[in-house]
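Here the structure comes first, spelled out in structure tokens, and everything after it is commentary.
Heavy atoms only: backbone and side chains are in, while hydrogens, waters and symmetry mates are out.
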Amino acid sequence: LKHVKPHGMLYNQAAREPQLADAIARAVKSLDPGLLLVGLAGSELIRAGERAGLATREEVFADRGYQPDGSLVPRGEPGALIDDDNEAVSRTLEMVLNGRVKSRDGAWATVNAQTVCLHGDGAHALAFARRLRDAFEQRQIRVCAE
């Protein structure tokens, strides 16, 4: 076990709610203080991990829409998912190289992209992952496992 990343609704709640984020960080630290805590870039979960003395990794999403404050567009709303692979690759490169993402209303949101999540449950997930990896390699963006 190298890292802990809450999933789904818990991940999104911990991104916004300091008390929940602190509880998760305390639980991770009590399990193993050497674990990385992964959370949405700029979120309460990242701040909680830092308060707890954990190493953290700020995560961005290759295939999700963003709001102006850097949070994710809720799944049931328009713009939540990025279906176009070209757009998703372009947006991910912008996040990694320039620390920003265009929100669904056109404003730039600041993000610290230390790790990238892409969803593996789509029909074209493997092909998209390969495209993203190729785009990273062309720009000499290091891909590694920690």
Side-chain angles (χ1 to χ4, degrees), residues 1-25 27-28 31-32 35-52 54-146:
L1 191 60
K2 301 276 187 191
H3 73 275
V4 173
K5 174 186 169 182
H7 187 260
M9 174 86 54
L10 183 61
Y11 180 94
N12 290 317
Q13 280 185 269
R16 296 184 314 271
E17 298 176 16
Q19 287 182 310
L20 178 58
D22 283 330
I24 292 169
V28 170
L31 178 65
D32 180 349
L35 290 170
L36 293 170
L37 181 59
V38 177
L40 183 65
S43 71
E44 289 296 332
L45 187 56
I46 295 300
R47 287 187 282 282
E50 291 168 350
R51 285 191 296 273
L54 294 169
T56 61
R57 292 298 179 270
E58 296 189 56
E59 180 175 53
V60 296
F61 286 77
D63 55 359
R64 290 294 307 275
Y66 280 80
Q67 301 192 88
D69 66 357
S71 63
L72 299 174
V73 174
R75 281 209 178 241
E77 294 183 16
L81 298 175
I82 308 301
D83 295 322
D84 181 273
D85 286 355
N86 292 328
E87 180 182 356
V89 169
S90 175
R91 291 167 57 88
T92 304
L93 290 171
E94 185 70 30
M95 288 187 281
V96 170
L97 294 171
N98 300 314
R100 64 186 195 163
V101 62
K102 193 164 279 191
S103 68
R104 71 175 168 178
D105 73 353
W108 288 104
T110 301
V111 293
N112 182 20
Q114 295 177 316
T115 186
V116 177
C117 178
L118 57 124
H119 292 93
D121 55 352
H124 67 288
L126 181 57
F128 176 68
R130 287 182 174 139
R131 275 191 73 191
L132 193 56
R133 177 72 180 252
D134 289 345
F136 283 1
E137 286 178 359
Q138 289 171 12
R139 288 156 186 87
Q140 298 179 338
I141 298 170
R142 187 172 67 100
V143 176
C144 64
E146 289 192 85

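Side-chain N or O atoms of R91 include one that pairs as donor or acceptor with a backbone N or O of K102 at under 3.5 Å. A donor-acceptor pair under 3.5 Å links the side-chain atoms of Q114 to the main chain of E58, judged by distance alone.
Here N12 pairs with nothing under the side chain to side chain donor-acceptor pair (under 3.5 Å) rule; sequence neighbours left out. R16 is linked by a salt bridge (charged side-chain N to carboxylate O under 4.0 Å, His left out) to nothing, counting only residues two or more places apart in sequence or in another chain. In this structure K5 satisfies the side chain to side chain donor-acceptor pair (under 3.5 Å) test together with E59, sequence neighbours excluded. Taking the side-chain contact (heavy atoms from CB on, under 4.5 Å) definition, one finds that A23 meets it with R26, sequence neighbours left out. Not a single side chain to side chain donor-acceptor pair (under 3.5 Å) links T56 to another residue, sequence neighbours left out. With sequence neighbours left out, R100 forms a salt bridge (charged side-chain N to carboxylate O under 4.0 Å, His left out) with E94. Residues meeting the side-chain contact (heavy atoms from CB on, under 4.5 Å) test with A55, sequence neighbours left out: L36, R57. L31 pairs by the side-chain contact (heavy atoms from CB on, under 4.5 Å) definition with L1, L35, not counting sequence neighbours. With sequence neighbours left out, the side-chain contact (heavy atoms from CB on, under 4.5 Å) criterion links A15 to L40, S43.
I82 places none of its side-chain heavy atoms less than 4.5 Å from the side chain of R64. Taking the side chain as every heavy atom from C-beta outward, Q19 and E44 never approach each other to under 4.5 Å. Residues T92 and L118 are not in side-chain contact: their nearest non-hydrogen atoms beyond the backbone lie 4.5 Å or more apart.
Identified under the ring-ring contact (aromatic ring centres under 6.0 Å, His included) test for residues 56-88, with sequence neighbours left out: Y11-F61, F61-H119. Applying the salt bridge (charged side-chain N to carboxylate O under 4.0 Å, His left out) test to residues at least two apart or on different chains, the pairs with a partner in residues 103-114 are E77-R104.
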Which pairs of donor and acceptor atoms, one on a side chain in residues 134-144, lie under 3.5 Å apart (sequence neighbours left out)?
from	atom 1	to	atom 2	distance (Å)
E137	OE2	R133	NE	3.3
R139	NH1	A135	O	3.0

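Residue E50 holds its CD atom at 10.0 Å from CG of L45, rounded to the nearest 0.5 Å.
Around atom NE2 of H7, no more than 12 heavy atoms belonging to other residues, nucleotides or ligands sit under 6.0 Å away.
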